[in-house]
Structures are given as structure tokens and as C-alpha cells.
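Working notes for the structure below.
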Amino acid sequence: MTHGQGKQVVTRFAPSPTGRLHLGHAYSALQAQDRARASGGRFLLRIEDIDGTRSRPEHVEGIVEDLRWLGLDWDDDMLIQSTRLDAYQAALDRLGGLGLLYRCYCTRAEIAQSLSAPHGAVAVYPGTCRGAAPRPDAPHAWRIDMAKAVALAALDGGPHDWCDEIAGVQRADPLAHGDVVLARKDAPASYHLAVVIDDAFQGVTHIVRGEDLRAATDVHRLLQHLLALPTPVYRHHALLRGADGVRLAKRNDAPTLASLRDAGVDGRALADDLRAGRLPIGFRLPDA
Ligand code: GLU
């Protein structure tokens with residue numbers, strides 16, 4: 001039985017405070033809140049601010065203001081990831097203790113040069129530092145030895161399936177992601193590590209988020225298994241697009257919610273329109 005079945009539904013919206021929210025964020029947050037409320041469940045807010053180079057405290061205030069303007073209402077205090085570093089370190093220690101991590105000294109430029117991308121596949125790190133002599137004083141990231149991790153999980157029947165409410169049962173393929181980073185040189189945990197730990201910590205049963213994160217779930221499912229965390233149900237929703245079909249998450253000219261508010265748009269009416277699939281002129285959902 002997965003974590004999501006037979007329990008009160010708990011969802012979350014987990015923005016990174018790296019800029020102002022846009023319509024795509026509003027759509028995602030509404031989907032998450034409504035999924036929980038439709039079954040009498042709880043909706044939580046988490047601020048994913050561990051990327052110290054890009055996160056800005058002033059954007060946290062902006063996120064709260066924008067979500068309130070849309071009429072969103074979360075249970076509990078919001079969880080701030082930068083207060084959770086000990087939990088990430090404990091998980092790294094546990095994975096390290098299983099012999100699954102190695103230090104990576106590569107610079108961004110070296111990684112860019114060495115990325116191997118088999119035709120049509122995602123570029124993966126080729127494992128340059130796997131087996132390198134440790135240089136503890138040199139700045140390093142921690143990577144997971146994916147082949148080793150998958151082999152360990154296989155002892156318990158993994159890699160495992162996961163369930164998407166929209167796409168159905170999915171087979172996790174963590175090997176396709178290569179040796180992903182779990183702690184960065186400049187951040188104590190990567191997105192992959194922090195997200196699985198905090199979803200479990202917050203008791204999230206249903207993860208509602210954009211379909212651009214669907215592939216990452218392969219890695220999350222493996223980490224949940226290795227760290228003995230419950231498996232949530234997933235719901236990866238379609239991403240809003242501009243009239244040209246380019247998704248909002250990829251473009252830098254998507255109008256911010258703040259700019260719509262300044263232009264006199266009513267946030268609650270906008271939320272109702274988004275729920276009903278009535279998008280402002282110039283936006284659309286992909287054809288089903
Ligand atoms: N913080 C991530 C983002 O803003 C979302 C993480 C998630 O929903 O899993 O893209």
C-alpha cells in the first residue's frame with residue numbers, strides 16, 4: 001500500500017523563491033489545493049530556498065502575497081527548507097553509510113564538456129570522479145553512485161513502480177538519470193534529496209506538480225526506497241503555455257501575478273477562471 005491510499009489527503013505547493021510567481025505557478029498551486037480540499041484533506045506550503053545563489057528572501061513575501069491574492073489558504077505554518085539542513089545531512093550520512101555516495105570535484109565547465117547524451121536521451125554525468133582519490137579539503141559535491149544504488153534497491157525488488165493519477169502506473173528508471181548530485185558545492189542538499197525528505201516530513205500523500213518534474217520522480221522513488229520513506233501518489237499536471245505553445249516554465253516573459261494584480265485583475269476571479277480552464281487571452285493548455 002502506498003502512503004497515499006486510505007489516508008487523509010495531504011498536498012503541497014513547493015515554490016522556489018527565485019523570482020515572482022506567474023500564471024503557471026497559480027495553476028499548479030490551485031490544482032494542489034483543490035486536490036486536497038476535494039476530499040477534505042490538507043494543503044501545505046513549502047518554500048524551497050536551499051539554492052542560496054538564486055533564492056531571495058523578498059520573493060518569499062511575494063509568494064505569500066500572490067497566493068493570498070488568489071484566495072489560497074494553507075494549513076500550518078509554511079515550511080522553509082533552509083531550516084531543515086540537519087535532516088538533509090542525516091540522510092546524506094545514511095546514504096554515505098550505505099557506500100552509495102562519492103565526492104565530485106568537477107567544475108561546471110568540466111561537467112558541461114563531459115556530459116554524455118546517448119541519442120535522444122537526457123545528458124548524464126559520466127562518473128568522472130567515481131573512484132577518484134578523496135581530497136576532503138577541496139570543494140566538492142556529493143553524487144550518488146546510481147548503478148550501485150539501483151543494485152542495492154534490487155535486493156528488495158526495486159527499482160519500483162510509482163502511481164500517477166493522470167498517467168497511471170509508471171516504472172521508475174533511475175539509471176537514466178546517471179549519478180545525480182545530492183549535495184552541491186554551494187548548497188547542502190540538492191532538490192532531489194530535500195524534496196523527498198520534506199514530502200515525507202510533512203506527511204504529503206499526493207504530490208501535485210507540473211509534468212516537467214515527472215521524470216525526476218524516478219530518482220525520488222529510489223531515494224524514498226533507500227531512506228525507508230513512504231511512497232506518495234503523484235499527479236503531474238499539464239503545463240500552461242503561451243499562444244505560441246511554449247510552456248510558461250520555460251519562458252522569461254510570462255506575466256507575473258504581481259503585474260496582473262497591479263493591472264487591476266481580481267485574484268479570486270482569476271483563480272476561478274484557471275480552475276474552469278478559462279485562460280486569459282494568449283494562454284492555453286496543451287491539447288489533450
Ligand atoms: N521547487 C520546485 C520548483 O519550484 C518544485 C518542486 C516540486 O514540486 O517537487 O520548481
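Just so you know, ligand 1 is whichever comes first in the structure, and atom 1 is the first atom listed for that ligand. Bear in mind that the values here come from a model prediction, so they are computed numbers and not experimental data. Numbers for residues simply follow the sequence, beginning at 1.
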Inset, instruction - Classify the side-chain pair His237/Ser28 by whether it contains a donor and acceptor separated by less than 3.5 Å. - result: yes

Inset, instruction - Taking the six-membered ring for Trp and the full ring for Phe, Tyr or His, determine whether the centres of Tyr191 and His220 are under 6.0 Å apart. - result: yes

Legend entry - Sole candidate of Val208, Ile47, Leu21 that passes side-chain contact (heavy atoms from CB on, under 4.5 Å) when paired with Phe13: Leu21

Legend entry - Ring-face cation contact, Tyr234 with Arg209, 6.0 Å cut, 45° max: no

What donor-acceptor contacts under 3.5 angstrom involve side-chain atoms of residues 72-79, with partners at least two apart or in another chain?
unit_1	atom_1	unit_2	atom_2	d
Asp75	OD2	Arg37	NH1	3.0
Asp75	OD2	Phe43	N	3.0
Asp76	OD2	Arg42	NH2	2.8

Please tabulate, one line per pair, the protein N or O atoms found under 3.5 Å from any N or O atom of ligand 1, giving the distance to one decimal.
unit_1	atom_1	unit_2	atom_2	d
ligand 1	1 (N)	Ala14	O	2.7
ligand 1	1 (N)	Ser16	OG	2.9
ligand 1	1 (N)	Glu48	OE1	2.6
ligand 1	4 (O)	Ser16	N	3.4
ligand 1	4 (O)	Ser16	OG	3.3
ligand 1	8 (O)	Arg12	NH1	2.7
ligand 1	9 (O)	Arg12	NH2	3.0
ligand 1	9 (O)	Tyr191	OH	2.7
ligand 1	9 (O)	Arg209	NH1	2.8

Inset, instruction - Would you indicate whether Arg54, at its atom CZ, is surrounded by more than 12 heavy atoms from other residues, nucleotides or ligands within a distance under 6.0 Å? - result: no

